[in-house]
Structures are given as structure tokens and as C-alpha cells.
Amino acid sequence: MESKHMSAFALYQTFSTDLAFPAKKPSLQVAAKNKKKRETTVASKKVNTAKFRLKNEKSKLRKKLKMAQRQENLKANTEQEEECVTRDGEALDALLADLARVNNSRERAFKLFQWLINPIPAKSFFRDTWEKKPILVQHKNPNYYKGLFSTAEFDRILREEEVQYGVNLDVTSYTNGKRETHNPPGRALPLTVWAFYESGCSLRMLNPQAFSSTVWNVLSILQEQFGSMVGANVYLTPPGTQGFAPHYDDIEAFVVQLEGKKCWRVYNPRTEDENLPVLSSPNFDQADIGRPILEVVLEAGDLLYFPRGFIHQGYCLPEAHSLHITISSYQKNSWGDLLQKVVPAALEIAMEENVEFRQGLPLDYLMYMGVQNSDKDDPRRAQFFSQIESLMKKLTKYAPVDAAVDQKARDFLHDCLPPMLTPDELASSVQGAPARWEDGQVIDVGAHINAQTQVRVLRAGCARLCSDGEAVHLYYTTDNSRIYHKEELKSFEIKPEHTDAIEFLIHSYPKFVTVGNLPCDATEDKVALAEQLFEKGIIHTAQPL
């Protein structure tokens with residue numbers, strides 16, 4: 001939980017809430033010297049006593065109001081503490097083991113993201129920071145992210161896996177303001193790679209999730225938090241060097257420092273046009289980017305977030321190397337990206353259904369429209385723009401928004417990593433099915449699903465029903481590759497009478513449902529559909545078969 005620091009004035013206010021100042025005693029004026037009547041003195045006593053009582057009542061009321069405010073603040077702080085999952089220093093493998101027991105994959109994703117940016121509450125991060133400004137998280141614990149990736153793992157991958165220059169690994173340098181890539185052709189073998197490193201070159205491993213099960217697990221969980229592809233690159237930089245020129249990216253970046261330390265400079269977008277850009281930038285010269293708004297040294301266990309469009313550069317200090325992993329998401333996931341799918345489809349529908357969109361342009365429009373005529377003071381131009389505006393307004397009612405969202409969803413499912421199964425999921429899915437060769441024969445073949453079997457989709461976002469207008473297909477991620485787009489997007493056609501059953505399964509998650517309760521006409525249809533989904537790895541059973 002993030003510490004809350006109070007000013008002296010705020011602390012004083014807290015004390016004043018607890019301790020009401022004692023009311024002053026009313027002074028009784030004695031009438032001896034002025035020879036006032038006894039009745040006047042008694043009346044004065046009554047008035048002052050009434051004032052005293054009124055003051056006490058007000059004091060009690062203030063105390064009650066302040067106590068209620070304190071209780072409300074305490075409740076709010078408690079809710080914030082519950083939102084902020086503190087797992088400081090917990091080994092990543094233990095955390096992932098705990099998350100594997102979380103029943104809902106979306107809840108699992110939220111908890112993992114909360115651990116990543118702890119102690120900042122995730123809800124306040126997305127409200128106040130996401131897409132708006134950089135933020136630094138310092139855990140003061142070099143082991144906070146330990147287990148995610150390491151230089152030893154880097155070396156193991158070079159020795160045991162088929163790592164290709166330019167595909168899985170880049171060798172880079174940035175000296176005297178010049179950025180260079182030094183990739184030879186072919187496989188990246190340890191002898192050559194470590195020689196590059198010794199000569200002062202940085203090493204960037206692309207898609208480490210293809211080689212590291214831990215990175216695969218983390219990214220496959222987080223993709224349900226963002227509803228967008230989550231990728232990663234690993235960067236290993238020698239002491240006293242820099243591997244990349246200043247630039248900005250088209251992704252939201254979480255820089256996780258794993259080993260050593262690295263100095264980072266972050267700069268504001270140079271213009272409004274570079275705020276949340278569509279594409280990454282070219283390399284910049286130092287003179288192009290102004291002064292940094294943030295300059296920090298990341299040490300192991302620290303995290304730096306910056307939105308797309310924020311220029312950044314990192315360089316190693318002379319006394320230590322640096323290993324960090326950049327986790328990224330939200331590439332091409334803007335309203336504009338969605339509208340690029342909506343508008344062409346809306347135009348096609350509008351032209352089919354509304355004759356206004358099919359009416360011909362004015363015979364003479366080339367005489368007064370276009371760049372060469374843009375400075376003309378011609379009333380026909382105003383009329384032309386008015387017609388365009390009218391058609392644009394009418395276009396919205398033809399916009400197939402749900403269909404366009406489904407197109408975005410299909411792109412996302414194609415980008416997705418396949419789910420890394422928990423032990424329970426493995427035991428209760430097709431991958432853990434008991435079919436095998438034993439004693440000279442095949443045994444336990446068949447899914448053995450019946451009407452009493454309880455099933456659910458494997459993950460909240462692993463499958464989606466989409467229609468192309470003529471047929472309904474179920475798209476799914478369970479057969480995806482850990483290598484980006486190595487496989488085509490997987491889908492199969494769903495019979496119209498089975499669509500309700502698929503929707504029922506998807507909307508029931510995370511609850512298990514009985515196969516016999518699927519909304520199909522016949523029991524044999526229910527069982528056949530469940531067997532088909534089970535064999536595709538889309539559903540698993542409540543108990544191992």
C-alpha cells in the first residue's frame with residue numbers, strides 16, 4: 001500500500017477533529033459595585049447558561065459530523081487498500097501459482113496488472129495516468145520482478161533455441177548521435193552474440209514469449225486486462241553504452257527493470273499532432289526534442305510507464321549493465337482505428353439503401369471545388385459542403401458498429417497468445433485427456449462427455465461468435481502460436497441452431513454449466529456440440545474426465 005504523507009496543517013486538522021476546545025465558562029457579573037438587582041444577575045446567569053449549553057450542543061454536533069467524515073474517509077481508504085493488492089517481494093512463481101487458483105481469468109488479469117504497478121491502484125492509474133503522462137514506480141526491492149526474465153535465461157535461449165538475427169534478435173548501437181543495426185544473417189549463436197555485447201552493442205530479444213514460459217504466462221494473462229495484444233521485448237545493454245536513438249512509439253510502454261540500472265529521459269510530445277500517434281517515429285537528433293520532463297535512474301525492481309507519443313531514450317551508467325523488459329499494449333486500438341472499419345461499411349450500406357448517396361455529383365463541381373478553387377468566394381462551394389455535411393450525418397444510422405467491433409475482435413484474437421494452462425485446466429481439458437497407448441493397445445479414447453458433464457469456456461476471452469452476414473463462425477485462440485501470427489486465425493462455422501448454446505456458454509463464464517442445460521433441441525446435439533468444443537480446447541470440464 002502506498003504511504004500517505006500528511007502536512008503539519010493536515011495533522012493539526014486531524015487532532016482538531018478528535019479534541020474539541022473546551023467551552024469558556026460564562027462570567028457571572030456581581031452587582032455589588034454597580035448595585036445591580038439580584039434579578040438582573042439571575043437573568044444574566046440564565047442567559048449565559050443557555051449560551052454555554054448552545055455552545056456545547058454545537059461542539060457535540062461538530063464532533064459527530066467530523067467523526068462521520070473520519071469514518072467515511074476510513075471506509076474510502078480501506079476500499080483503496082483492498083483495490084491495491086500488495087505483493088511486495090513475493091516470488092513471481094509463487095504469485096503465478098496463486099493466480100492459477102483464481103477462478104475468473106479477467107480477475108486474474110486485474111490482479112496481475114495490479115501487482116505489476118503496485119502500489120498505484122489500478123483504477124486510479126487508468127483514470128489519472130493512462131494515455132496522459134509518464135509515471136515512475138520505485139519498489140526499493142531489487143527482487144520485486146525477479147523470475148520474470150534474466151541474463152542467464154537470455155544465455156540459455158541462445159544456446160538451446162533457434163534464435164534468428166532480425167527475427168528474434170537485434171544487435172544495435174548508438175554512438176555520436178548515430179543509431180546502427182549490426183545483424184549478420186542466420187542463427188544468433190552465443191559466440192557471436194556475446195562478442196557483440198563485449199564490443200559495446202545492445203541486444204534486443206524480440207517476442208521472448210516464444211522462448212520463455214514465464215513471459216508467455218504473464219503476457220497471456222495480461223491480454224485480458226487490456227482487451228488488446230500484449231507484447232514484449234527484452235533489452236540487454238552493456239555498461240556505459242546506449243543502444244537506441246531518441247524516439248517515440250505507437251504503444252503504451254511499461255519498462256520493467258530486471259537487473260542492473262539504466263538512466264531514462266522522457267520528453268513531452270513535440271506537437272499536438274504527436275499526441276497518441278498512429279505510428280512510431282523515426283530516430284530524432286538531440287536538438288529536435290528539447291528538455292526532458294523526467295530523468296530517472298531505474299534500478300532492479302523499478303517500473304517506468306510512458307504513453308505512446310512520449311519521446312524517450314535510455315542509456316547505461318558506467319558502473320552497471322542493464323536488463324529490462326518492455327511490456328507493451330494498445331497498438332492500433334483507438335476510436336479512429338475502429339472508425340476505419342465502420343465508415344467504409346456504413347458507406348456501402350448507405351449506398352445500397354438510400355438514393356441520396358447514389359445521386360450524381362453536380363455537373364460543374366470540378367469548376368469550383370478542389371485545392372485550386374479553395375480560395376474562391378463562390379456560393380456553390382458552401383452549398384456543396386452543406387450537402388456533404390448532411391450526408392455525413394445520415395451516414396451514422398447505417399453504421400454497422402457491432403460488426404466493426406467484431407472485426408476488431410477477430411484481429412485481437414489473431415494477435416493473442418494461446419492461454420498457458422493452469423494445472424487444473426490442463427487436467428480437465430483436451431490436453432490432459434487420458435487417451436494413450438498402453439500394453440499394446442490404445443485406451444481411454446473419446447471425450448466421455450454426457451448430458452451431466454459440467455463445462456465452461458477455458459478463458460473469458462478465448463472465443464467469440466462473429467457473423468459475416470451469411471454464416472456464423474466461432475473464432476478462438478487456443479490453437480494460436482506463441483510466435484506472432486505464425487498460424488492463421490482459427491475458426492469454424494456454427495450451425496444456426498447452436499448459436500444460442502455458444503452464447504450461453506460464453507455469457508455464463510466463470511460458472512460451469514451442465515451440458516444438458518445447453519439451449520439446443522436434442523440431447524445428442526448438446527453432447528455433440530460440447531464434444532466439438534472440448535476437442536478444440538475451447539471448453540474444459542469441472543472435473544477431469
Exercise for the section: Could you pull out the closest heavy-atom pair between Pro318 and Pro239, with the gap in Å? Expected result: O-CB, 3.4 Å
Practice task
Determine, for Arg308 against Glu131, whether the closest basic-nitrogen to carboxylate-oxygen distance falls under 4.0 angstrom.
Solution key: yes
Fill in the blank from the handout: Residue pairs passing the salt bridge (charged side-chain N to carboxylate O under 4.0 Å, His left out) test with at least one member in residues 225-243, sequence neighbours excluded, are none
Practice task
Output yes when a side-chain donor or acceptor of Asn354 lies under 3.5 Å from a complementary backbone atom of Glu356, and no otherwise.
Solution key: yes
Problem - Criterion ring-ring contact (aromatic ring centres under 6.0 Å, His included) on Phe306 and Tyr248, from CA distance to verdict - result: CA-CA 10 Å; Phe306 44 82; Tyr248 62 73; over 10 Å; no
Practice task
For the residue pair Asp415 and His485, confirm or rule out a side-chain donor-acceptor distance under 3.5 Å.
Solution key: yes
Handout entry: Flag, side chain of Asp302 to backbone of Leu136, donor-acceptor distance under 3.5 Å
Key = no
Problem - Modelled atom types, side-chain donor and acceptor of His247 and Ser280, under 3.5 Å - result: no
Practice task
Kindly check if the number of other-residue, nucleotide or ligand heavy atoms within 6.0 Å of CZ (Arg291) is above 12?
Solution key: no
Handout entry: Side chain proximity check, Asn373 to Asp378, heavy atoms < 4.5 angstrom
Key = no
Practice task
Could you tell me whether the side chain of Ser374 and the main chain of Val371 form a donor-acceptor pair under 3.5 Å?
Solution key: yes
Fill in the blank from the handout: Gly147 and Thr214 have their tightest heavy-atom pair at O-CG2, 3.5 Å
Problem - Residue of the set Leu112, Asn217, Val218 for which side-chain contact (heavy atoms from CB on, under 4.5 Å) holds with Leu99 - result: Leu112
Problem - Presence of salt bridge, Arg380 and Asp364, under 4.0 angstrom - result: yes
Handout entry: Flag side-chain contact, heavy atom, 4.5 Å: Ile135 against Lys133
Key = no
Practice task
Report the relative orientation of the aromatic rings in Trp194 and Tyr197; use parallel for angles under 30°, tilted for 30 to 60°, perpendicular for over 60°.
Solution key: perpendicular
Completion exercise
Of Ile506, Asp500, Thr499, the one forming a side-chain contact (heavy atoms from CB on, under 4.5 Å) with Ile502 is Ile506
Exercise for the section: Can you measure from CD (Glu487) to CG (Leu489) and round to the nearest 0.5 angstrom? Expected result: 11.0 Å
Problem - Over 12 non-hydrogen atoms of neighbours within 6.0 angstrom of CD in Gln383 - result: no
Exercise for the section: Check the pair Asp411, Lys341 against salt bridge (charged side-chain N to carboxylate O under 4.0 Å, His left out), reporting the backbone distance first and the verdict last. Expected result: CA-CA 12 Å; Asp411 291 344; Lys341 298 182 181 298; 3.2 Å; yes
Practice task
Kindly assign one of parallel, tilted or perpendicular to the pair Tyr165 and Phe196, based on the angle between their ring planes and the thresholds 30° and 60°.
Solution key: perpendicular
Practice task
Using the ring of Tyr476 (Phe, Tyr or Trp, six-membered ring only), decide whether Lys536 places NZ or CZ under 6.0 Å from its centre and within 45 degrees of its axis.
Solution key: no
Exercise for the section: Keeping the roles fixed (side chain from Asn104, backbone from Pro510), state whether a donor-acceptor pair exists under 3.5 Å. Expected result: no
Handout entry: Pairwise distance OG(Ser213) to CZ(Arg482) - rounded to 0.5 angstrom
Key = 4.5 Å
Handout entry: Side chain proximity check, Tyr174 to Tyr315, heavy atoms < 4.5 angstrom
Key = no
Problem - Any donor-acceptor N/O pair, Trp216 side chain to Pro418 backbone, under 3.5 Å - result: yes
Practice task
Please determine if Glu425 and Arg459 form a salt bridge, counting it only when a charged side-chain N lies under 4.0 Å from a carboxylate O.
Solution key: yes
Problem - Glu348 and Tyr398 side chains, donor-acceptor separation under 3.5 Å - result: no
Problem - Side-chain donor or acceptor of Tyr145 paired with backbone N/O of Leu116 under 3.5 Å - result: yes
Exercise for the section: Return yes when atom CG of Leu191 has more than 12 non-hydrogen atoms of other residues, nucleotides or ligands closer than 6.0 Å, and no otherwise. Expected result: no
Practice task
Return the minimal non-hydrogen interatomic distance between Pro184 and His182, and the atom names on each side.
Solution key: CD-O, 3.0 Å
Practice task
Flag the pair Glu161 and Arg156 as a salt bridge only when some basic side-chain nitrogen lies within less than 4.0 angstrom of an acidic carboxylate oxygen.
Solution key: yes
Exercise for the section: Report the distance from atom CD of Glu162 to atom CZ of Phe211, rounding to the nearest 0.5 Å. Expected result: 8.5 Å
Problem - Short side-chain donor-acceptor distance under 3.5 Å, Thr151 and Glu259 - result: yes
Handout entry: Test item: Leu206 and Arg204 side chains (from C-beta on) under 4.5 Å apart, heavy atoms
Key = yes
Completion exercise
Rounded to the nearest 0.5 Å, the CG atom of Leu391 sits from the OG atom of Ser386 at a distance of 9.5 Å
Practice task
For residues Ser491 and His473, report the shortest heavy-atom separation together with the two atoms involved.
Solution key: OG-CD2, 4.0 Å
Practice task
Answer yes or no: is there an ion pair linking Asp406 with Arg464, defined by an N-O contact shorter than 4.0 Å?
Solution key: yes
Problem - Evaluation steps, side-chain contact (heavy atoms from CB on, under 4.5 Å), between Val266 and Leu304 - result: CA-CA 10 Å; Val266 183; Leu304 175 65; 4.1 Å; yes
Fill in the blank from the handout: Value for CZ (Phe254) from OG (Ser329), rounded to nearest 0.5 Å, stands at 8.0 Å
Completion exercise
Taken in chain and number order and not counting sequence neighbours, the residues that satisfy side-chain contact (heavy atoms from CB on, under 4.5 Å) with Glu497 are Lys495
Completion exercise
Heavy-atom closest pair (Phe284 atom, Ala245 atom, distance to 0.1 Å) is O-CB, 4.4 Å
Problem - Any donor-acceptor pair under 3.5 Å from Thr181 side chain to Asn183 backbone - result: no
Exercise for the section: May I ask you to decide whether Asp128 forms a salt bridge with Lys132, counting only side-chain N to carboxylate O separations under 4.0 Å? Expected result: no
Handout entry: Residue Glu198 excluded, over 12 heavy atoms near CD under 6.0 Å
Key = no
Handout entry: Residue pair Tyr475 / Thr477, side-chain heavy-atom distance below 4.5 Å
Key = no
Exercise for the section: Please confirm whether the backbone N or O of Asn233 pairs with a side-chain atom of Thr326, one donor and one acceptor, at under 3.5 Å? Expected result: no
Practice task
Work out which heavy atom in Val342 is nearest to a heavy atom in Ala404; give both atom names and the distance.
Solution key: CG2-CB, 3.3 Å
Practice task
Ignoring hydrogens and angles, tell me if any N or O in the side chain of Arg456 forms a donor-acceptor pair with the backbone of Tyr509 under 3.5 Å.
Solution key: no
Handout entry: Pair Tyr267-Gln313, side-chain donor/acceptor within less than 3.5 Å
Key = yes
Handout entry: Main-chain N/O of Phe310 paired with His312 side-chain donor or acceptor, under 3.5 Å
Key = yes
Practice task
Starting at CD of Gln225, measure out to CZ of Arg106 and round the result to the nearest 0.5 Å.
Solution key: 10.5 Å
